[in-house]
Amino acid sequence: MKKMINIFQPSLGKKEIEEIKEVFESNWTGKGQKTKILEKYLSNKIRVDRGNVTTVTSCTEGLFQIIELLSLDEKDEVVLPSISFVGAGNAIVSSGAKPVFCDVDCRTLNVTAEHIEEKITEKTKAVILIHYAGLPCEMDDIVDLCESRDIVLIEDNACSPFSKYRGNNTGTIGNFGTWSFDSMKILVIGDGGLIYCDSKNTMKYLKEKLYLGLMSESGLTNSIDKKWWEFNISSAGRRSIINDITASIGLSQIKKVDSFIKRREYIHKFYTNNLKSLDWLMTPEDFPDYIKSSYYMYWIQTKNSTDRDDLARFLREQGIYSTFRYYPLHRVPFYNNKQKLENTETAANSTLCIPLHQSLSNEDIEKVVESIKKYKR
Ligand SMILES: *Cc1c(COP(=O)(O)O)cnc(C)c1O
């Protein structure tokens with residue numbers, strides 16, 4: 001088969017293998033020293049205290065765990081943009097609460113405080129938002145809204161691992177944040193994620209809940225005047241911890257991630273500069289200077305929705321993969337939601353995400369641009 005230009009792709013190599021080798025030689029592959037160091041590096045990078053974060057098996061599991069902490073039931077509602085990752089919708093449904101899908105801005109695909117406010121009722125307990133493609137939402141207004149209504153604010157930060165809004169890392173602006181390090185994300189550790197919580201006490205409880213509810217890390221941390229095999233639990237927790245093999249990959253990736261984001265930024269600008277003159281499509285608008293994107297996705301929007309679908313097929317024939325993220329949840333039959341969300345519909349019918357990752361060569365990105373121009377000048 002002819003080589004396909006991927007939309008996302010991890011950059012893993014010798015350095016990661018060297019880190020893994022150390023884990024093999026240590027005779028311990030479970031959660032241990034490497035995971036501890038990774039949590040320390042990540043908390044430093046997003047400039048929060050080590051006691052406010054924990055690693056977790058995936059971002060999806062992080063969302064489930066956070067929602068469980070809120071003890072919701074069928075009388076409660078959680079507002080989220082319809083253009084969200086399916087795991088967020090599932091976490092709400094499985095808690096028994098009702099997901100309430102809201103609209104987004106049709107150019108940025110981000111929610112604003114107004115879109116959220118339209119859906120708030122006295123039953124609203126939480127909001128889960130995403131920073132689409134790495135571009136931070138207007139957080140000042142959203143934080144004010146949630147604080148004034150006593151609503152828990154959760155940031156699904158999978159797209160925006162090191163994005164900044166007015167100097168603060170996204171994911172640390174609300175009450176909770178979750179990151180993803182799966183194979184399609186910017187920083188890849190295999191599978192895994194990070195959770196931030198603004199309360200250290202809640203984080204302590206959550207960390208125990210991620211490991212069977214156990215209240216001490218291992219028998220070795222109990223003093224020897226006790227019988228160290230005795231234990232207590234603080235919750236009926238599951239097992240949602242990462243391991244040192246996975247964490248060791250992260251130790252190498254975290255050293256490279258700034259250069260990944262730099263290359264992604266270059267490609268983002270290259271696409272915009274080379275595509276903005278085409279009058280049948282729209283490129284992302286310039287970002288405001290008080291934000292910093294992680295450049296997770298690059299998206300174009302066609303003025304005519306048949307162009308979007310035809311272009312996607314044309315690019316695929318040319319060996320270029322493209323897709324639309326995230327298919328609106330209110331259109332997913334399972335959620336049985338029949339409302340109309342005008343901007344969401346418009347965005348979902350016109351938006352196409354094209355390849356953006358740090359391993360794309362200049363030749364690759366020139367081919368992407370040339371192929372789009374070949375489709376229509
Ligand atoms: C990938 C992704 C997730 C899920 O991350 P996992 O670590 O694979 O569970 C959640 N939200 C968004 C926006 C994502 O892109």
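Atoms within a ligand are numbered from 1 in the order they appear, just like the ligands themselves.
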How does A158 reach ligand 1, by side chain, by backbone, by both or by neither, if only non-hydrogen atoms under 4.0 Å count? side chain
Looking only at distances, can you tell me whether any N or O atom of I130, backbone or side chain, sits closer than 3.5 Å to an N or O atom of ligand 1? no
For a quick test of reading the model, state the closest non-hydrogen atom pair linking P10 to V188 and the distance between them. CB-CG2, 3.7 Å
Shortest non-hydrogen contact from S359 to Q9? CB-NE2, 3.9 Å
Check ion pair D105-R107 (N to O, under 4.0 angstrom): no
What protein heavy atom is closest to atom 9 (O) of ligand 1, reported as residue, atom name and distance in Å? T60 OG1, 2.6 Å
If you scan protein heavy atoms around atom 1 (C) of ligand 1, the nearest is K185 NZ, 1.6 Å
Can you name the atoms of ligand 1, numbered from 1 with element, that are less than 4.0 Å from a heavy atom of C59? 4 (C), 5 (O), 6 (P), 7 (O), 9 (O), 10 (C)
Ligand 1 contacted by E61 (non-hydrogen, < 4.0 Å): no
What's the shortest distance from atom 10 (C) of ligand 1 to any protein heavy atom, and which residue and atom give it? F85 CD2, 3.2 Å
Does K185 come within less than 4.0 Å of D191, counting only side-chain N to carboxylate O? no
Give the residue and atom name of whichever protein heavy atom lies nearest to atom 15 (O) of ligand 1, and the separation in Å to one decimal. Y326 OH, 2.6 Å
Heavy-atom contacts with D182 under 4.0 Å: which atoms of ligand 1 show up? List them by number with element. 1 (C), 5 (O), 6 (P), 8 (O)
Atom 11 (N) of ligand 1 has as its nearest protein heavy atom D156 OD2, 2.6 Å
With the threshold set at 4.0 Å, does a side-chain nitrogen-carboxylate oxygen contact exist between K367 and D364? no
For atom 6 (P) of ligand 1, what's the nearest protein heavy-atom neighbour? Residue, atom name and distance, please. S180 OG, 3.5 Å
So, D307 and K376, do they make that salt bridge, N to O below 4.0 Å? yes
CD of Q318 to CG of L311, rounded to nearest 0.5 Å, is 10.0 Å
To the nearest 0.5 Å, tell me how far L72 CG sits from S94 OG. 10.0 Å
